[in-house]
2 protein chains.
Amino acid sequence: MSETLHSAPSASAEEAPRRYHHGDLSRALVAAGRQILERDGPDALSLRAVAREAGVSPAAPYHHFKDKAELLEAVAHEGWEELGGAIKEARGRVDAPGAAPGEIGVAYVTFARKNPALYRIMYRMACDREAMPEGAKSEDSGWDQVRAAIIEAGVDPHDERAMMLTQIAAWCTAHGVAEMAGFKEFDSLKAALGGEEAFIREVFRHVGVMSGRRSPS
Amino acid sequence: MSETLHSAPSASAEEAPRRYHHGDLSRALVAAGRQILERDGPDALSLRAVAREAGVSPAAPYHHFKDKAELLEAVAHEGWEELGGAIKEARGRVDAPGAAPGEIGVAYVTFARKNPALYRIMYRMACDREAMPEGAKSEDSGWDQVRAAIIEAGVDPHDERAMMLTQIAAWCTAHGVAEMAGFKEFDSLKAALGGEEAFIREVFRHVGVMSGRRSPS
DNA sequence: GCACGCATCTGAACGGCGTCAAGATAATCT
DNA sequence: AGATTATCTTGACGCCGTTCAGATGCGTGC
């Protein structure tokens with residue numbers, strides 16, 4: 001009744017009692033989407049469920065997103081930004097020059113494994129556009145950081161073709177490991193190696209058969 | 001109960017005029033599913049659409065598959081078997097011992113790129129089970145062939161851990177490349193390299209940054 | 001201070017989806 | 001033949017994405 005003050009509910013955009021125009025729906029919808037993803041998995045992520053979670057009618061989201069896809073894209077975008085942050089953090093933690101790509105890879109896979117439903121949406125959205133995800137390319141995020149790390153690792157930055165190919169190869173490897181690391185068959189090996197992170201590192205160490213190189217000693 | 005000579009339409013299970021009990025629905029449903037996948041993409045693959053395509057009522061499939069998922073699994077299974085065949089063929093074409101994994105990888109990615117919608121379903125089904133796909137492990141198919149190729153490539157077959165890790169790494173790389181090779185950003189590079197297959201080979205050649213190795217000369 | 005315009009939200013509706021229960025129909029068995 | 005069983009259809013339920021006509025509250029210009 002008297003709880004107007006349209007702007008800036010507080011921040012969290014989730015517990016405000018009943019705003020008749022809600023105040024900041026689009027953000028709340030994205031948050032609701034992520035909540036559903038984590039709680040109920042990607043198959044439960046329907047537009048109606050998101051609206052329900054945010055406490056609005058099923059048609060309300062259409063005033064903020066033209067599509068279900070556009071909502072999912074917003075969710076995915078948030079994910080790519082967080083992934084970018086994780087990569088940045090990992091890169092800052094590295095000392096030896098050649099180790100940066102590996103650390104980025106571990107950070108990438110770790111993020112995907114910690115947010116599997118979110119990562120699925122992120123990648124799904126990217127594939128549907130048939131292009132690299134926006135968030136992965138925005139400044140200070142994924143793509144450019146990988147590029148820098150590859151240069152540090154010793155690839156000639158003027159050889160544009162080698163740069164590109166190395167970058168693609170790195171991204172593909174990380175994505176492949178991210179998606180397959182959850183298979184049950186690998187559980188015993190993970191345990192034997194002392195956890196998932198060790199497992200990821202070991203897999204990266206063995207990458208290279210395709211190119212004719214042997215696996216490491 | 002099983003294959004009771006029901007009448008054996010002919011073989012193709014798709015053009016028979018109007019059988020009142022249709023004769024061999026489950027096969028026809030799988031075929032219809034693949035048809036829809038190729039023609040309309042994975043999002044159009046609904047149970048009802050498959051039934052429509054096969055010329056039966058929406059409830060008919062439930063006498064042959066308990067679920068939509070079970071139908072998709074049958075479609076996926078067919079896909080894995082074909083992929084196994086493609087891998088076998090590629091392996092037979094190889095001469096140098098160390099080149100087998102690379103050729104398998106190229107065959108894998110080529111198959112996925114030629115049947116993108118099918119591959120998506122194949123992989124989706126595998127992920128939902130959180131285990132390696134059945135077809136990929138059945139004798140004479142994917143998994144075992146990769147194992148053999150890795151041994152040929154020089155990994156010690158008695159070092160079970162190295163075998164496992166190398167195999168996982170190879171599989172992850174192939175899957176990653178398969179899913180990302182379609183991105184539009186790579187089109188110009190593909191053209192510059194003289195086609196998609198050359199592109200795939202080059203990407204494989206550059207795999208290895210994650211492990212700290214340099215890219216090839 | 002108040003009426004207007006506008007952004008926002010609701011309610012009801014449409015067609016399509018996956019799934020199930022009941023009834024029809026054909027093939028098989030005895 | 002008749003009975004049984006496998007197969008398919010019809011119709012229904014609830015959920016989905018989406019649209020549209022109307023309600024509701026916000027900010028603004030008078």
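Order of the sequence lines fixes the chain letters, A, B, ..., with proteins taken first and strands second; residue numbering starts at 1 for each chain. In what follows, every heavy atom counts, from backbone to side chain, and hydrogens, waters and symmetry copies are set aside.
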Specify whether A:W143 and A:W171 have parallel, tilted or perpendicular ring planes, treating 30° as the upper limit for parallel and 60° as the lower limit for perpendicular. tilted
Whole-Å distance between D:dT18 P and A:L71 CG? 10 Å
In whole angstrom, what separates A:D67's CG from D:dT19's C1'? 13 Å
Length of the line joining B:D43:CG and C:dC17:P, which is rounded to integer Å: 12 Å
B:D24 has an atom CG; how far is it from atom C1' of D:dA6, in whole Å? 14 Å
Would you say the side-chain atoms of B:E53 pair up with the backbone N or O of B:G33, donor to acceptor, closer than 3.5 Å? no
Report the distance from atom CD of A:E53 to atom P of D:dC16, rounded to the nearest whole Å. 13 Å
Can you tell which of C:dT19, C:dC9, D:dT18 lies closest to the side chain of B:L47? C:dT19
Atom pair distance, as rounded to whole Å: OH in A:Y62 and P in D:dC20: 12 Å
Verdict with reasoning, A:R120 to B:D128, per salt bridge (charged side-chain N to carboxylate O under 4.0 Å, His left out): CA-CA 12 Å; A:R120 185 124 128 192; B:D128 287 355; 3.1 Å; yes
Which listed nucleotide (D:dT10, D:dT18, C:dC9) is nearest to the side chain of B:A59? D:dT10
Is there a side-chain polar atom (N or O) of A:R52 under 4.0 Å from OP1 or OP2 of D:dC16? yes
Between A:Y123 and B:M180, does the side-chain contact (heavy atoms from CB on, under 4.5 Å) criterion hold? Intermediate values first, please. CA-CA 10 Å; A:Y123 197 74; B:M180 304 192 68; 3.0 Å; yes
Consider the side chain of B:H63, meaning its heavy atoms from C-beta on, and name the nucleotide among D:dT18, C:dT8, D:dT7 that approaches it most closely. D:dT7
Gap between atoms NZ and C1', on B:K68 and D:dC15 respectively (whole Å): 14 Å
Presence of salt bridge, B:K114 and B:E82, under 4.0 angstrom: no
Can you see if the side chain of B:S46 gets near the phosphate of C:dC17 - specifically, an N or O under 4.0 Å from OP1 or OP2? yes
Under 4.0 Å between a side-chain N or O of A:H64 and OP1 or OP2 of C:dA7? no
If I take atom CZ in residue A:F65 and atom P in nucleotide D:dT18, what distance separates them, rounded to the nearest angstrom? 13 Å
At under 4.0 Å, does any side-chain N or O of A:R48 touch on OP1 or OP2 of C:dC17? no
Of the listed D:dT18, C:dC20, D:dT9, the closest approach to the B:V56 side chain comes from D:dT9
